[in-house]
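Read the structure below first, then the notes.
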Amino acid sequence: METPNTRLTAFGNQLIEVHNWLREELARLGDDIDAHLEGRAERPRQLRAHCLAFCSALTLHHTGEDAGAFPALAERFPELQPVIEQLEHDHLFVADILRDLENLVEGLDDRPPGPEEARRVRVTLDGLAAVLETHFLYEEKKIVAALDGLGSPGDPDFRPPAWLESSGND
């Protein structure tokens with residue numbers, strides 16, 4: 001049975017669940033590239049489609065945070081403004097890496113990537129994974145408690161933020 005406290009805690013946990021899903025998807029992309037580089041697969045299966053879907057999901061997640069979560073947190077917790085500014089800066093940096101990745105996989109067309117192209121994609125994925133892991137850990141450490149403190153379903157003024165309602169689909 002869901003209690004007000006479990007629902008409240010779910011706000012922060014939902015962010016972590018989205019991050020974990022994004023981590024898993026990024027790892028699967030890396031596995032596809034590794035299989036190709038190690039000769040276990042002729043070419044990464046549907047690399048272009050998988051990569052573009054991942055890039056789109058991550059972009060939607062960050063856009064939702066920038067447009068919804070972060071303004072709500074800044075309003076309720078003004079002391080988080082420096083954290084939010086750093087997270088928004090990270091989002092811009094990640095967007096640049098995603099553009100590079102998208103450009104690499106767009107160039108693959110319908111042909112198998114050569115070893116050098118696969119390596120470039122893998123290096124870009126490795127850089128993205130490192131940046132995202134640092135970003136996710138920082139975000140989780142700094143704002144999960146604030147998300148949990150946005151309100152309680154038992155409070156008369158409580159309304160789940162719109163960004164939270166849709167974030168599970170990111």
Side-chain angles (χ1 to χ4, degrees), residues 1-33 46-47 49-102 105 121-170:
M1 180 173 160
E2 189 174 278
T3 66
N5 286 341
T6 58
R7 177 63 181 135
L8 187 60
T9 302
F11 288 177
N13 287 344
Q14 190 170 5
L15 175 71
I16 293 169
E17 288 172 10
V18 170
H19 286 177
N20 286 340
W21 179 82
L22 289 166
R23 286 174 174 114
E24 290 167 6
E25 288 301 305
L26 189 58
R28 284 184 6 172
L29 282 172
D31 290 345
D32 284 349
I33 295 293
Q46 301 181 4
L47 171 64
H50 190 183
C51 187
L52 294 175
F54 171 81
C55 291
S56 178
L58 182 59
T59 299
L60 286 172
H61 173 67
H62 284 171
T63 301
E65 287 179 333
D66 291 343
F70 293 166
L73 287 171
E75 181 180 328
R76 178 77 185 269
F77 303 101
E79 67 276 12
L80 285 179
Q81 191 58 42
V83 170
I84 291 167
E85 288 173 5
Q86 178 60 52
L87 293 170
E88 290 172 334
H89 176 1
D90 289 355
H91 289 177
L92 295 173
F93 184 61
V94 167
D96 287 342
I97 297 172
L98 290 178
R99 271 190 294 282
D100 291 345
L101 186 58
E102 289 171 345
V105 298
V121 171
R122 185 63 177 142
V123 166
T124 303
L125 280 174
D126 287 344
L128 178 62
V131 169
L132 282 177
E133 188 59 26
T134 300
H135 171 76
F136 288 164
L137 289 173
Y138 179 74
E139 186 172 55
E140 291 164 5
K141 179 180 178 184
K142 297 293 186 175
I143 70 169
V144 165
L147 284 172
D148 291 347
L150 279 176
S152 168
D155 293 343
D157 294 331
F158 177 78
R159 286 185 315 273
W163 56 266
L164 186 59
E165 294 284 318
S166 64
S167 67
N169 298 325
D170 293 344

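- Within a 6.0 Å radius of CD in E75, other residues, nucleotides and ligands contribute 12 heavy atoms or fewer.
- For R23, the salt bridge (charged side-chain N to carboxylate O under 4.0 Å, His left out) test picks out E133, E140, with sequence neighbours left out.
- The shortest side-chain heavy-atom distance between K141 and L137 does not fall under the 4.5 Å cut-off.
- By the salt bridge (charged side-chain N to carboxylate O under 4.0 Å, His left out) test, D126 pairs with R122, sequence neighbours left out.
- Two residues are said to be in side-chain contact when any heavy atoms from C-beta on lie closer than 4.5 Å; E88 and H62 fail this criterion.
- Every side chain to side chain donor-acceptor pair (under 3.5 Å) that Q86 has, sequence neighbours left out, goes to D90.
- A salt bridge links R99 with D96: the closest approach of a Lys/Arg side-chain nitrogen to an acidic carboxylate oxygen falls below 4.0 angstrom.
- The closest side-chain heavy-atom distance from Y138 to V83 is below 4.5 Å.
- Heavy atoms only, all atoms of each residue included: A146 and F77 are closest at O-CE1, 3.3 Å.
- Smallest separation of non-hydrogen atoms from V105 and C51: CG1-SG, 3.9 Å.
- Using modelled atom types, one side-chain atom of T59 and one backbone atom of C55 make a donor-acceptor pair closer than 3.5 Å.
- Counting heavy atoms from C-beta outward, L147 and Q14 have side chains that stay 4.5 Å or more apart.
- Looking only at side-chain heavy atoms (C-beta outward), L87 and I143 come within less than 4.5 Å of each other.
- The ring pair (Phe, Tyr, Trp, His ring centres under 6.0 Å) test applied to F54 returns no partner, not counting sequence neighbours.
- Between Q81 atom CD and L73 atom CG the span is 10.5 Å, to the nearest 0.5 Å.
- For E85, there are no salt bridge (charged side-chain N to carboxylate O under 4.0 Å, His left out) partners, not counting sequence neighbours.
- For F93, the CZ atom sits in a loose shell: 12 or fewer heavy atoms of surrounding residues, nucleotides or ligands are nearer than 6.0 Å.
- Summarising the geometry of L52 relative to E102, their closest heavy-atom pair is CD2-CG, 3.7 Å, with the distance given to 0.1 Å.
- The CD atom of E79 lies 9.0 Å from the CD1 atom of I84; values are rounded to the nearest 0.5 Å.
- Each of H89, H91, H61 was checked for a ring pair (Phe, Tyr, Trp, His ring centres under 6.0 Å) with H135, and the lone residue meeting it is H91.
- Residues L132 and L22 form no side-chain contact, since every pair of their non-hydrogen atoms from C-beta on lies 4.5 Å or further apart.
- Expressed to the nearest 0.5 Å, how far CG of L58 lies from CG of L26 amounts to 8.5 Å.
- Taking the side chain to side chain donor-acceptor pair (under 3.5 Å) definition, one finds that E17 meets it with nothing, sequence neighbours left out.
- Atoms CG and CG, on D100 and L125 in that order, are 11.5 Å from each other to the nearest 0.5 Å.
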